[in-house]
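One structure is given here, and the rest of the page talks about it.
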Amino acid sequence: MILEAALLTIGKERRVEFERAMAEARPLIAATPGFRGMELRPCLEDAGRYLLLVRWDRLEDHTEGFRGSDRYAGWKQRLHHFYDPFPVVEHFAEPVVAAPDPASP
């Protein structure tokens with residue numbers, strides 16, 4: 001599994017509008033083969049920042065499958081105007097060190 005990560009910075013006053021747009025855009029990315037899930041987490045220290053995490057089977061599922069699809073144009077239209085600055089998107093391999101969640105059974 002590949003983990004895509006992007007730190008998104010938007011205007012604090014646009015949070016509600018951004019979250020709504022992300023919810024509307026979610027089905028566009030979710031329809032991509034190889035998509036395994038996503039999370040959008042608000043930052044506790046800065047109300048204008050979010051962490052976007054997307055899980056993919058393979059790097060190419062994101063870089064070629066989603067970004068090469070017609071759905072990506074809809075994603076960009078709904079979301080890219082919120083970002084200031086435009087985020088760096090990076091992809092990460094399986095963990096080299098991990099610990100189980102102590103709350104998990």
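Quick note: numbers below take in every heavy atom, side chains included, and nothing from hydrogens, waters or symmetry partners. All values derive from a computational prediction rather than experimental measurement.
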Taking all non-hydrogen atoms of both residues, which atom of Ala98 and which atom of Pro95 are closest, and how far apart?
CB-CB, 4.2 Å
Work out which heavy atom in Ala5 is nearest to a heavy atom in Phe92; give both atom names and the distance.
CB-CE1, 3.8 Å
Salt bridge or not for Glu17 and Arg20, using N-O below 4.0 Å?
no
Heavy atoms only: give me the nearest Val89-Ala6 pair and the separation to one decimal.
CG2-CB, 4.0 Å
With a 4.5 Å cut-off on side-chain heavy atoms, are Leu3 and Val54 touching?
no
Across all chains, not counting sequence neighbours, the salt bridge (Lys or Arg N to Asp or Glu O under 4.0 Å) partners of Arg49 are none
I need the full list of side-chain hydrogen bond (donor to acceptor under 3.5 Å, both in side chains) pairs touching residues 23-35, with sequence neighbours left out, sorted by first then second residue.
Thr32-Arg71
Does CG in Asp70 sit with more than 12 non-hydrogen atoms of other residues, nucleotides or ligands closer than 6.0 Å?
no
Mind checking whether Leu53 and Met38 have side chains closer than 4.5 Å, heavy atoms only?
no
Find out whether Leu7 and Pro87 are in side-chain contact, i.e. whether some heavy atom of one side chain is under 4.5 Å from a heavy atom of the other.
no
Among all residues two or more places apart in sequence or in another chain, which pass the side-chain hydrogen bond (donor to acceptor under 3.5 Å, both in side chains) test with Gln77?
none
Are Lys76 and Leu28 side-chain neighbours, meaning at least one heavy-atom pair lies under 4.5 Å?
no
Taking side-chain contact (heavy atoms from CB on, under 4.5 Å) as the test, write out the residues that go with Glu64, two or more places apart.
Glu60
Tell me the closest heavy-atom pair linking Phe82 and Ala21, and the distance in Å.
CE1-CB, 3.7 Å
When the ring planes of His62 and Phe66 are compared, do they come out parallel, tilted or perpendicular, using 30° and 60° as the limits?
parallel
So how far is it from Leu59 CG to Met1 CE, rounded to the nearest 0.5 Å?
13.0 Å
I'd like to check Trp56 versus Glu4 (side-chain heavy atoms, cut-off strictly below 4.5 Å). Are they in contact?
yes
Exercise: identify the closest heavy-atom pair between Pro42 and Leu40
CD-O, 3.9 Å
Taking only residues two or more places apart in sequence, or in another chain, which ones meet Asp57 in a side-chain contact (heavy atoms from CB on, under 4.5 Å)?
Arg36, Asp61
Any side-chain heavy atom of Tyr72 sitting closer than 4.5 Å to one from Ile29?
no
Indicate yes or no: at least one non-hydrogen side-chain atom of Ile10 is less than 4.5 angstrom from one of Tyr83.
yes
Using a 4.5 Å cut-off between side-chain heavy atoms of Ile, Leu, Val, Met, Phe, Trp and Tyr, which other residues end up in the same hydrophobic cluster as Val97?
Val96
Check each of Glu39, Arg41, Arg15 against Tyr50 using the side chain to side chain donor-acceptor pair (under 3.5 Å) test, and report the only one that passes.
Arg15
Cluster check Phe86, Leu79: I/L/V/M/F/W/Y, side chain < 4.5 angstrom:
yes
So, do His80 and Trp75 sit near enough that their side-chain heavy atoms are less than 4.5 Å apart?
yes
Heavy atoms only: give me the nearest Thr63-His91 pair and the separation to one decimal.
CG2-CE1, 4.2 Å
